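Everything numeric in this text was worked out from a predicted model, so none of it was measured.
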Amino acid sequence: MPQFAANLTFLFTELPMLDRFAAARDAGFTGAEILFPYDLAAAELRAAAREAGLEMVLMNTPPPNWAGGPRGFAAVPGGEERFRRDFDRALRFSQALNMRHIHVMSGMGSGEDARKTLISNLKWAVRRAPHASLTIEPISEIALPGYYLNNLALAAEIIEAVGSPALGLQFDAFHVQMTEGDVPGSWARYGALVRHVQIAGAPGRNEPARGGPIDFPGFFEAVDASGYRGWIAAEYNPVRTTESGLRWLSEALR
């Protein structure tokens with residue numbers, strides 16, 4: 001049975017961040033991820049997670065100026081200094097939270113220069129933190145136009161070029177459906193590279209409910225049968241309240 005984590009940036013937003021941990025626990029989640037936790041004290045977040053009995057699963061880099069700002073610098077030629085500064089801050093924060101994974105965002109870009117820059121920065125990052133678990137995630141053009149890392153084949157090429165066990169694939173079923181149109185086939189092809197999974201329904205990025213183009217019960221079975229023992233994180237925009245849309249979770253945990 002997969003382990004399910006709540007993305008507290010997306011879910012339980014009617015509550016203050018520190019109260020979302022207990023709400024996630026009460027709903028049946030056993031892990032939590034926060035995209036950009038940097039505005040809160042790490043000690044407070046760690047205490048809230050510990051009190052709720054939740055494992056801290058994933059966070060993103062870069063930290064600053066997210067609202068309306070660049071979506072990462074790892075693939076941006078000339079942004080190497082900014083990337084390294086942001087990565088070090090993310091690394092310190094993740095260590096304070098005992099975070100399992102750090103998602104490294106590529107940022108905007110295209111062409112060979114962006115590819116070389118991303119590979120170079122990731123090679124630097126895995127040397128800098130060989131003990132850490134880093135992920136890269138293809139993000140669909142529909143969700144984030146111009147984002148460099150926008151398909152699974154490219155992500156697999158980058159992981160192979162970096163050649164480090166510290167780097168793996170972040171498989172978001174919503175983005176995979178929007179870019180590849182075939183979540184089960186994509187899992188069969190790339191599942192061995194996957195370090196972390198996220199889910200949301202397509203095309204609305206709402207609850208992973210039945211009836212959409214993604215067969216989530218079948219996907220959960222395939223993930224489990226593949227031997228994957230990581231987390232599946234719910235990263236979606238609830239149609240109404242988070243609690244009213246959690247039928248999918250109670251079904252998955254039966």
Side-chain angles (χ1 to χ4, degrees), residues 2-13 17-18 20-21 23-25 27-40 42 44-46 48-50 52-64 66 71-72 74 86-107 122 125-126 128-129 131-139 143-144 147 149 152 155 158-159 164-176 190-191 193-200 205 208 220 223 228-237 242 249:
Q3 304 176 93
F4 289 97
N7 184 303
L8 299 184
T9 304
F10 278 68
L11 303 185
F12 304 103
T13 56
M17 178 58 77
L18 295 178
R20 297 176 196 177
F21 291 89
R25 174 203 60 207
F29 294 102
T30 52
E33 61 179 31
I34 303 176
L35 298 186
F36 303 100
Y38 307 94
D39 290 338
L40 291 171
E44 293 180 350
L45 290 169
R46 186 173 63 247
R50 183 174 60 249
L54 300 186
E55 181 173 336
M56 295 294 283
V57 176
L58 179 135
M59 56 181 275
N60 287 357
T61 184
W66 174 253
R71 268 50 174 168
D86 287 350
F87 181 83
D88 278 346
R89 184 181 178 194
L91 186 61
R92 291 193 300 270
F93 218 92
S94 73
Q95 290 171 335
L97 292 174
N98 196 27
M99 190 73 67
R100 178 171 289 205
H101 306 299
I102 302 174
H103 168 212
V104 178
M105 302 194 73
S106 76
L122 288 172
V126 297
R128 184 76 163 179
H131 57 285
S133 174
L134 309 182
T135 67
I136 54 173
E137 174 193 14
I139 296 179
L144 199 52
Y147 193 77
L149 194 68
L152 286 168
I158 297 298
I159 290 170
S164 170
L167 179 66
L169 178 65
Q170 188 167 317
F171 187 102
D172 186 309
F174 165 77
H175 290 300
V176 171
Y190 298 104
L193 298 175
V194 173
R195 189 72 52 85
H196 185 64
V197 175
Q198 293 174 324
I199 54 171
R205 206 174 188 182
F220 297 153
V223 169
Y228 175 78
R229 293 296 177 262
W231 291 88
I232 297 178
E235 187 194 47
Y236 61 84
N237 297 302
T242 301
L249 180 61

### Task
Check side chain to side chain donor-acceptor pair (under 3.5 Å) between R128 and all other residues, then give those that pass, not counting sequence neighbours.
D88

### Query
Which atom pair, heavy atoms only, marks the closest approach of L11 to A234?
CD1-O, 3.7 Å

### Task
Measure across I102 and A90 and return the closest heavy-atom pair with its distance rounded to 0.1 Å.
CD1-O, 4.2 Å

### Task
To the nearest 0.5 angstrom, please state how far the CG atom of N60 sits from the CD atom of Q170.
7.0 Å

## Note on the structure
From the list H101, H103, Q198, R100, side chain to side chain donor-acceptor pair (under 3.5 Å) partner of E33 resolves to Q198

#### Entry: Partners passing salt bridge (Lys or Arg N to Asp or Glu O under 4.0 Å) against E137 (at least two apart in sequence or in another chain)
none

### Spacing of Q3 atom CD and Y228 atom OH [to the nearest 0.5 Å]
8.5 Å

### Message
Tell me the closest heavy-atom pair linking A27 and F12, and the distance in Å.
### Response
CB-CZ, 3.9 Å

#### Entry: Nearest heavy atoms of L97 and A42, plus distance in Å
CD2-O, 3.3 Å

### Message
How long is the straight-line distance from CZ of R205 back to CG of D172, given to the nearest 0.5 Å?
### Response
6.0 Å

### Query
For the atom pair CD1 (I34) and CG (L8), what is the distance rounded to the nearest 0.5 Å?
5.5 Å

### Summary
Applying side chain to side chain contact (heavy atoms under 4.5 Å, CB included) to R50 and not counting sequence neighbours gives R46, A47

### Summary
All heavy atoms of L54 vs all of A32, minimum pair found to be CD1-CB, 4.1 Å

### Check against side chain to side chain contact (heavy atoms under 4.5 Å, CB included), F93 and M99
CA-CA 8 Å; F93 218 92; M99 190 73 67; over 6 Å; no

### Message
I'd like to check the side chain to side chain donor-acceptor pair (under 3.5 Å) partners of R195; sequence neighbours left out, ordered by chain and number.
### Response
S133

### Task
State which residues pass side chain to side chain donor-acceptor pair (under 3.5 Å) with Q95; sequence neighbours excluded, sorted by chain then number.
H131

### Query
Going through the checks in order, is the side chain to side chain contact (heavy atoms under 4.5 Å, CB included) test met by L45 and F21?
CA-CA 9 Å; L45 290 169; F21 291 89; 4.0 Å; yes

### Query
Is there side-chain contact between F87 and L134, with heavy atoms separated by less than 4.5 Å?
yes

#### Entry: Beyond-backbone contact of F174 with E235, side-chain heavy atoms, under 4.5 angstrom
no

### N/O donor-acceptor pair under 3.5 Å between Y236 side chain and I199 backbone
no

### Query
What residues form a side chain to side chain donor-acceptor pair (under 3.5 Å) with R25, not counting sequence neighbours?
none

### Message
Could you report the tightest heavy-atom contact between F29 and A5, atom names first, then the distance?
### Response
CD2-C, 3.4 Å

### Summary
Value for CG (L193) from OG1 (T135), rounded to nearest 0.5 Å, stands at 12.5 Å

### Query
Is there a side-chain contact between T9 and F36 (heavy atoms, below 4.5 Å)?
no

### Message
Does any part of the side chain of L169, heavy atoms only, come nearer than 4.5 Å to the side chain of P138, both counted from C-beta?
### Response
yes

### Query
Going by the angle between their ring planes, with limits at 30° and 60°, are F220 and F4 parallel, tilted or perpendicular?
perpendicular

### R20 side chain reached by T13 side chain, heavy atoms, under 4.5 Å
yes

### Stepwise side chain to side chain contact (heavy atoms under 4.5 Å, CB included) test for I159 and Y190
CA-CA 11 Å; I159 290 170; Y190 298 104; over 6 Å; no

### Query
Got a second to check how far L58's CG is from W231's CH2, nearest 0.5 Å?
12.0 Å

### Worked verdict on L152 versus F171 for side chain to side chain contact (heavy atoms under 4.5 Å, CB included)
CA-CA 9 Å; L152 286 168; F171 187 102; 4.2 Å; yes

